[in-house]
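Report on the following structure.
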Amino acid sequence: MNIKVCKFGGTSMADGNVILSASKIVKADEERRYVVVSAPGKRFGGDIKVTDLLYACSDAQEKGDAAAFEETFSKVRARFTNIEREIGKDLGVTAALDEAEKEIRAGAGPDYCASRGEFIAAKIMAAVLGVPFIDATEFVRFDENGVLSDETYVLAKEIFKKTPRAVVPGFYGLGVNGKVKTFSRGGGDISGSIVARAVEAKLYENWTDVSGFYACDPRIIDTPKCIPELSYQELRELSYMGANVLHSDSIFPVKSAGIPIRICNTFRPEDKGTYIVSTSKRTLGGNVVTGVAGKKDFTVISLEKSMMNSEIGFVGKVLSVIGKHGISFEHLPSGIDTMSLVIDNAYLKNGVLETIVEEMREIAHPDRIYTHENIALVATVGHGMAKNIGTSARLFRALAEANINVIMIDQGSSELNIIVGVDNDRCNDCIRAIYGEFFS
Ligand code: ASP
């Protein structure tokens with residue numbers, strides 16, 4: 001039988017009634033045999049996700065603030081016991097919460113603490129569906145660098161071969177020290193993708209609260225176009241740049257097996273959603289641009305040196321400085337006598353920017369080094385742009401007409417994206433101008 005893996009995100013697990021709707025979706029299709037869940041998310045604007053509450057519990061525990069721990073953990077308790085009440089049967093929630101509280105108090109650490117949202121949510125979903133619960137610690141493995149290990153698939157294949165249906169908590173696995181380790185935030189999408197690959201699914205359905213992947217953030221453009229189909233690569237580019245429907249790393253497990261991902265809406269299950277596939281069948285008859293997304297808070301460090309082009313090792317020296325500080329860069333646009341490094345502001349706090357600029361000056365002796373802080377990167381993405389003459393002319397004309405100063409330009413080698421750096425406060429205007437040019 002063909003297998004579908006369904007992953008339900010936080011809003012699809014937010015309360016008892018939505019969990020019941022999600023379970024109906026699973027039951028409506030025999031092929032939906034494996035279910036991966038997130039922790040309960042926000043029920044309304046201003047609500048707090050269970051994962052955020054759990055991180056706050058962990059902080060309080062580490063600071064030894066017993067009152068804050070009590071108060072926050074009681075909110076976690078209330079979320080799960082309400083869900084149990086809404087579903088209307090004993091799902092073993094109290095025992096699971098007691099066990100989690102005991103372990104957290106005994107110092108199980110932040111990753112264990114954060115993972116309990118998914119753990120208890122999966123227990124609930126397994127009980128509602130009447131199918132076995134399989135803990136992610138039984139097969140998701142990280143290596144010594146904290147990267148997902150291939151052992152994961154060997155273990156997962158063994159387990160799922162013996163279990164034709166199961167519910168699995170997303171977001172975590174086991175680190176090399178034998179302790180629970182989480183993915184980065186939103187990593188439940190990666191867990192779903194791992195299960196899809198392990199069971200050789202024909203489709204990985206990612207159930208969320210939107211009807212697909214939009215060409216642009218709906219908070220910036222009112223009702224943007226929904227993209228019916230995009231490639232893994234386009235998805236990665238757009239989600240890395242801030243389109244937060246799906247975790248940008250979630251394509252890797254399914255990519256080599258060519259398993260398509262479908263984004264579907266738990267609240268409108270009849271909507272077609274978006275398919276993410278190896279090679280999009282959309283042709284140039286469609287739009288040359290697939291989507292536009294932006295991310296704020298970067299710094300550009302620019303270095304100038306006459307004859308930089310013929311000085312062997314100049315770039316290496318500059319990069320050795322950021323390597324030494326454990327900093328990675330996003331882009332490295334360069335000219336004959338100039339190079340720039342685009343770095344996430346998060347790496348440069350508490351004097352780090354000043355220190356690395358000084359070290360670059362000492363090691364590489366540039367004629368001039370200067371920084372431009374608080375830059376937003378805006379990516380225009382689409383396979384259709386390749387070999388399509390005039391695309392960048394349209395893009396830059398639109399930016400000029402919107403009176404937007406472009407601080408940096410970078411184009412990926414496969415012509416899949418054009419990235420511009422603009423001042424943070426022009427980020428949304430920039431996205432609006434590009435969307436307006438290509439989609440209106
Ligand atoms: N619950 C986790 C988070 O809020 C992981 C996930 O939902 O995928 O980041």
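Keep in mind that what you see is a predicted model, and the values were worked out from it rather than measured. Start at 1 with the first residue, then count along the sequence. Start at 1 and go down the list; that is how both ligands and their atoms are numbered.
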Q) Counting each atom of ligand 1 from 1 as listed, which ones have a heavy atom of Lys49 under 4.0 Å away? A) 4 (O)
(Q) Using a 3.5 Å distance criterion without hydrogens, assess whether the side chain of Asp143 forms a donor-acceptor pair with backbone atoms of Val147. (A) yes
Q: Determine, using heavy atoms of Glu118 and all atoms of ligand 1, whether some pair is separated by less than 4.0 Å.
A: yes
Q) With no hydrogens and no angle check, is any side-chain donor or acceptor of Glu237 less than 3.5 Å from a backbone partner on Glu234? A) no
Q: Would you check whether Gly10 has a nitrogen or oxygen atom less than 3.5 angstrom from a nitrogen or oxygen atom of ligand 1?
A: no
Q: Return the orientation label for the Phe142 and Phe183 ring planes: parallel under 30°, perpendicular over 60°, tilted otherwise.
A: perpendicular
Q) Is it true that Asp98 and Arg77 have a side-chain N and a carboxylate O under 4.0 angstrom from each other? A) yes
Q: Output yes when Asp189 and Lys7 qualify as a salt bridge under the 4.0 Å nitrogen-oxygen rule, no when they do not.
A: yes
Q. Does a salt bridge link Arg116 with Glu101, judged by any charged N lying under 4.0 Å from a carboxylate O?
A. no
Q | Closest approach of any protein heavy atom to atom 8 (O) of ligand 1, naming residue and atom | A | Gly188 N, 2.9 Å
Q | Residue portion contacting ligand 1 (non-hydrogen atoms closer than 4.0 Å) for His247 | A | neither
(Q) Please confirm whether Gly186 approaches ligand 1 to less than 4.0 Å, judged on its heavy atoms. (A) yes
Q. Looking only at protein heavy atoms, which one is nearest to atom 6 (C) of ligand 1, and how far off is it?
A. Ser38 OG, 3.4 Å
Q: For atom 4 (O) of ligand 1, find the nearest protein heavy atom and state the residue, atom name and distance (0.1 Å precision).
A: Arg185 NH2, 2.9 Å
